[in-house]
Protein chains: 2
Amino acid sequence: MMCTNEEPQAANQPERVPVMKSPEELTELFRSMGRKVTPQRQRIFRALQGEDSHPSAEWVYQVASTDMETISLKTVYQTLHELAELGEIQALDLGTGTTRFDPNVEISHHHLVCRSCGKVRDLFADFSGLSISASQAEGFVVGKAEVVFRGLCQECHEKLPTVPGLRPPPNSSINSQT
Amino acid sequence: MMCTNEEPQAANQPERVPVMKSPEELTELFRSMGRKVTPQRQRIFRALQGEDSHPSAEWVYQVASTDMETISLKTVYQTLHELAELGEIQALDLGTGTTRFDPNVEISHHHLVCRSCGKVRDLFADFSGLSISASQAEGFVVGKAEVVFRGLCQECHEKLPTVPGLRPPPNSSINSQT
DNA sequence: GACATACAGAAAATGATTGTTATTTGACAT
DNA sequence: ATGTCAAATAACAATCATTTTCTGTATGTC
Ligand SMILES: [Mn+2]
Ligand SMILES: [Mn+2]
Ligand SMILES: [Zn+2]
Ligand SMILES: [Zn+2]
C-alpha cells in the first residue's frame, strides 16, 4: 500500500447521496419484518431524518421528548439497535464516550472527531485502498479499515487557541451537533 | 491522497523500536516531576514492560496482584492515568468496552482489533500520508489519523469459522492477551 | 526525623447501557 | 367494534468500568 499526499479518490463530489429511508419506508420495512410500528418508533424515525450529526441515544431521546413527553430512553436504545440490526443505521464507537448512530450506512465514509466537544463530521474519502500485507496480518483476518481523524472542530479551535496540553473537558451532557 | 494497493511504507521492518521507558527511567521521571515512587508504582511500571497486548487496567491489576497482594485497583487506575498524563503510555478506546493502555507511544502505529475477543495487535505501517483536503476539512483542524482494522484474530477465526453476523460475546473479564 | 504524598479500603457516585416485568398496544381476524 | 396475541412500552433495578471522596496509615524524600 503506497500513499502519496494527493487527494483521496472521489473526494470532491459532495455526494451526500443515499441518506436514510423515510419514516414511511421504515414503517413499511418494520412491518414487513414482522415488527410493529408504534408512535415512539415513528418519532424516532423522524428524529433521524436528514440527521448527519451522528447523534447519541441520549440526543435522540431529548429531541423526541420535546413533543412526546412519555417516550423512554430505553425505547430509544432498543429502536436504534433494531435499526442497526436491520442495517438502516450503524452504531459507531469513535472514542467519544457514547455510542453514536449514523444514518449513513450506504457509502463508505470515515470521520473527523473533535477531541474537545466530541462533534463528529463525515469524511467522504475513499480509503478502500488501505490494506495490510499477509506478513503484517499474521493470521489476523482483516475486515474493514476505519479511519478516524482526530482534531478540533472550528468552534473549539477558535475557543481554545493557544492552550496546548489541556485535557478535554468531560463530555458535557449532549454533544452531537454539527 | 492517492492510495494504491501496494505495501505501506516501512511495513516490513519489524521495528519494535522504542517501547517504553524502563522502570528505572520512569522512576527518575516521576521524581523529576515531583511525584513519588512507591513500590506499587514500580510494580506497575514492571507490569507494563515489554507489554504489547494493550492491557486493560484490570489486567495490570491482576498481574501486579500476583506478587503484591495489597495493591489496589484504584492505585492501578491512578498510576496508569498518571503515566498517560506524562505521555509515557496512551489510553486507547478501540471499541472493546474497556480502556486499553498502550506502552507504545513513540512511533506512529495503528491497530488490528478482533471483533470477537477484543484482542488488540499493533500494526506498524506508515499511513502518515493519509490526509484530507482543506475543502473536506472545512474548518476542522486535523491532528492525527488513526486507522483501525477490524477483523478476527487467528484463534477466533479458527473457532468461529462459518458463523457470520454473530454478536461478539460480552467482553469476558480480562481480554488483553496477544 | 519531619513533612508531604501516596496508599488502601470502603463506599458511594457516576454515566452509559441493559435486564426485568407488568401493562399497553399494533396488526390482523372476527 | 371486538377479540386475540405477540410484540413493544415504561418504570425501575441492575450492571460495568471508572471516578470520587474520605480517612487513617504508611512511606518516599530531603
Ligand atoms: Mn458518518
Ligand atoms: Mn499499540
Ligand atoms: Zn469541537
Ligand atoms: Zn479474537
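Protein chains get the first letters and strands the later ones, always in sequence-line order, with residue 1 at the start of each.
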Sorted by chain and residue number, the ring-ring contact (aromatic ring centres under 6.0 Å, His included) partners of A:Tyr61 (sequence neighbours excluded) come out as none
Within residues 76-84 of chain A, the residues having a heavy atom closer than 4.0 Å to DNA chain C are A:Tyr77, A:His81
Applying side-chain hydrogen bond (donor to acceptor under 3.5 Å, both in side chains) to A:Glu69 and not counting sequence neighbours gives none
Those residues at least two apart in sequence (or on a different chain) that pass side-chain contact (heavy atoms from CB on, under 4.5 Å) with B:Glu28 are none
With sequence neighbours left out, the residues meeting salt bridge (Lys or Arg N to Asp or Glu O under 4.0 Å) with A:Arg35 are A:Glu82, A:Glu85
Assign each of A:Gly34 and B:Phe101 the nucleotide of DNA chain D bearing its closest heavy atom; nearer the 5' end lies the nucleotide of A:Gly34
Whole-Å distance, A:Leu92 CG to C:dA16 C1', equals 16 Å
Whole-Å distance, B:Arg41 CZ to C:dT5 P, equals 12 Å
By side-chain contact (heavy atoms from CB on, under 4.5 Å), B:Gln90 pairs with (sequence neighbours left out) B:Leu92, B:Asp102, B:Val105, B:His109, B:Lys144
With sugar-phosphate taken as primed atoms, P, OP1 and OP2 and all else as base, the protein-contact string of nucleotides 19-28 of chain C at under 4.0 Å (heavy atoms; B, S, -) is BB-----BS-
ask   = So, the side chain of B:Thr27 versus the backbone of B:Pro23: is there a donor-acceptor pair under 3.5 Å, distance only?
value = yes
For B:Thr99, the side-chain contact (heavy atoms from CB on, under 4.5 Å) test, sequence neighbours excluded, returns B:Ala91, B:Phe101
> Can a side chain N or O of A:Gln40 be found less than 4.0 Å away from OP1 or OP2 on D:dA10?
Replying inline: yes
Here the distance between atom P of C:dA11 and atom CG of B:Leu73, to the nearest Å, is 16 Å
A:Met33 CE to D:dA6 C1', in whole Å, measures 16 Å
Those residues at least two apart in sequence (or on a different chain) that pass salt bridge (Lys or Arg N to Asp or Glu O under 4.0 Å) with B:Lys21 are B:Glu88
task: Scan B:Ile71 against the nucleic acid and name what it touches under 4.0 Å (heavy atoms): base, sugar-phosphate only, or nothing.
output: sugar-phosphate
Between OH of B:Tyr61 and P of D:dT18 the distance, given in whole Å, is 14 Å
